[in-house]
Amino acid sequence: MLKIATWNVNSLRIRLPQVLDWAKKFKPDILALQETKVTDDKFPLEAIQAAGYHAAFSGEKAYNGVALLSRLQASDIITDLPEEPQRRFLGATYANNLRVLNVYVPNGTAADSEKYHFKLNWLKKLQDYARDSLKDYPRLIVLGDFNIASEDRDVHDAWDSDLLVSPPERAALEDLVNLGLRDTFRLFKQAPKSFSWWDHRGGAFWRNRGARIDLILASTALNCTACVIDKAPRRLKRPSDHAPVMASFKTTR
DNA sequence: ATGGTAGTTTGACTA
């Protein structure tokens with residue numbers, strides 16, 4: 001069995017103890033992190049290696065930043081989408097030609113804002129990249145913080161903004177999935193009001209005012225056997241605003 | 001009520 005997880009940690013340096021504790025408990029083979037908020041020269045590689053993980057990472061100062069922790073060494077590491085300086089994308093290949101694309105999709109700030117259009121443009125680049133990737137890698141996983149809630153059940157009832165739920169955002173995600181991917185969380189029976197992110201403000205977590213925006217998309221060639229959100233780290237002191245999501249896959253032999 | 005909290009580039013930005 002292969003376990004692959006994603007977690008927007010909102011600063012890896014602050015969250016490192018929580019990340020290492022979580023990895024020790026759940027033993028993911030691959031853990032994709034977003035919003036590491038650390039430049040590559042300050043990436044906490046030694047502590048991660050001491051915990052038994054390799055790491056590929058692409059960071060910048062203060063914002064964004066992505067990393068892939070893995071039990072086995074990665075190959076063919078790619079850190080760039082075309083003409084995209086922000087560190088939001090990381091591709092790597094693992095055993096059996098499994099290709100993993102870790103993404104931190106732009107938030108968008110407000111529908112129809114400049115950042116919103118940047119988000120849609122970024123998603124178009126991702127779609128183009130994923131389409132090409134599927135040609136070379138039938139076994140493809142695209143995971144991370146998508147900053148989009150696919151359906152109305154993926155956002156709490158009091159959500160009063162267009163952001164995360166606007167038709168163009170949802171269409172962009174649907175187009176990506178329709179390349180030949182599946183939202184692994186929805187392959188299984190799940191509790192109602194299952195979310196992966198809750199705003200730090202207004203006690204959103206304790207009122208379960210969240211959204212499910214952290215996704216593990218897997219190509220149909222992969223045999224997914226489970227996908228769960230672990231809310232426990234969100235209850236810790238000084239939590240990330242996101243919870244980790246983990247999917248299990250049957251290993252081919 | 002344009003609030004509230006958290007993180008990073010100390011203070012304005014991003015989320």
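We name chains A, B, ... by the order of the sequence lines, and we start the count at 1 in each one. Just so it is clear, the structure is predicted and the values come from calculations on it, not from any experiment.
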Starting at CG of A:Leu163 and ending at P of B:dT14, how long is that distance when rounded to a whole Å?
14 Å
So A:Tyr104, base contact, sugar-phosphate only, or nothing? Heavy-atom distance under 4.0 Å.
sugar-phosphate
Assess whether a salt bridge exists between A:Lys124 and A:Asp175, defined as any Lys/Arg side-chain N lying under 4.0 Å from an Asp/Glu carboxylate O.
no
Could you check A:Ile14 against A:Gln86 and say which one's nearest nucleotide on DNA chain B is further toward the 5' end?
A:Ile14
If the P atom of B:dT9 is compared with that of B:dT5, how far apart are they to the nearest Å?
22 Å
For A:Arg88, report the nucleic acid contact type (base, sugar-phosphate, nothing); a contact means any heavy atom under 4.0 Å.
sugar-phosphate
Quick note, A:Tyr63 side chain, CB onward, closest among B:dT8, B:dT9, B:dA15 is B:dT9
Just the rounded figure in Å: distance from P of B:dA15 to CH2 of A:Trp122.
13 Å
Could A:Arg212 and A:Asp183 be called an ion pair, given the rule that one side-chain N must be under 4.0 Å from one carboxylate O?
yes
Among B:dT9, B:dT5, B:dG7, the one nearest A:Arg238 by side-chain distance
B:dG7
Salt bridge or not for A:Lys61 and A:Asp40, using N-O below 4.0 Å?
no
Would you classify A:Arg15 as touching base, sugar-phosphate or nothing, given that sugar-phosphate means primed atoms plus P, OP1 and OP2, and contacts are heavy atoms under 4.0 Å?
sugar-phosphate
Heavy atoms only, 4.0 Å cut-off, all strands: where does A:Thr109 land among base, sugar-phosphate and nothing?
sugar-phosphate
Considering only heavy side-chain atoms of A:Arg13, the closest of B:dT9, B:dA15, B:dA6 is B:dT9
With rounding to the closest Å, how many angstrom separate the C1' atoms on B:dA1 and B:dG11?
25 Å
If we take the P atom in both B:dA15 and B:dT2, what is their distance in whole Å?
22 Å
Among B:dG7, B:dT8, B:dA15, the one nearest A:Asn10 by side-chain distance
B:dG7
Rounded to whole angstrom units, what separation is found between the CH2 atom of A:Trp159 and the P atom of B:dG4?
18 Å
With A:Ser196 as reference, evaluate A:Asp241, A:Asp214, A:Asp230, A:Asn8 under the side chain to side chain donor-acceptor pair (under 3.5 Å) test and give the passing residue.
A:Asp214
Spacing between A:Leu12 atom CG and B:dT8 atom C1', to the nearest angstrom:
14 Å
Closer than 3.5 angstrom, by distance alone: can the side chain of A:Arg13 be matched with the main-chain N or O of A:Lys42 as a donor-acceptor pair?
no
Can we say A:Lys125 and A:Asp128 salt-bridge, meaning some charged N sits less than 4.0 Å from an Asp/Glu carboxylate O?
no
Could you give the CG-to-P distance, from A:Leu236 to B:dA6, as a whole number of Å?
14 Å
Of the nucleotides B:dT8, B:dT9, B:dT5, which one has an atom closest to the side chain of A:Lys61?
B:dT9
Atom pair distance, as rounded to whole Å: CG in A:Asn64 and P in B:dG7
17 Å
Whole angstroms only, please: what is the CD-P distance between A:Glu114 and B:dC13?
14 Å
Whichever of A:Ser11 and A:Asp145 has its nearest DNA chain B nucleotide further upstream toward 5':
A:Ser11
Distance, rounded to the nearest Å, where A:Asp160 contributes CG and B:dT2 contributes P:
14 Å
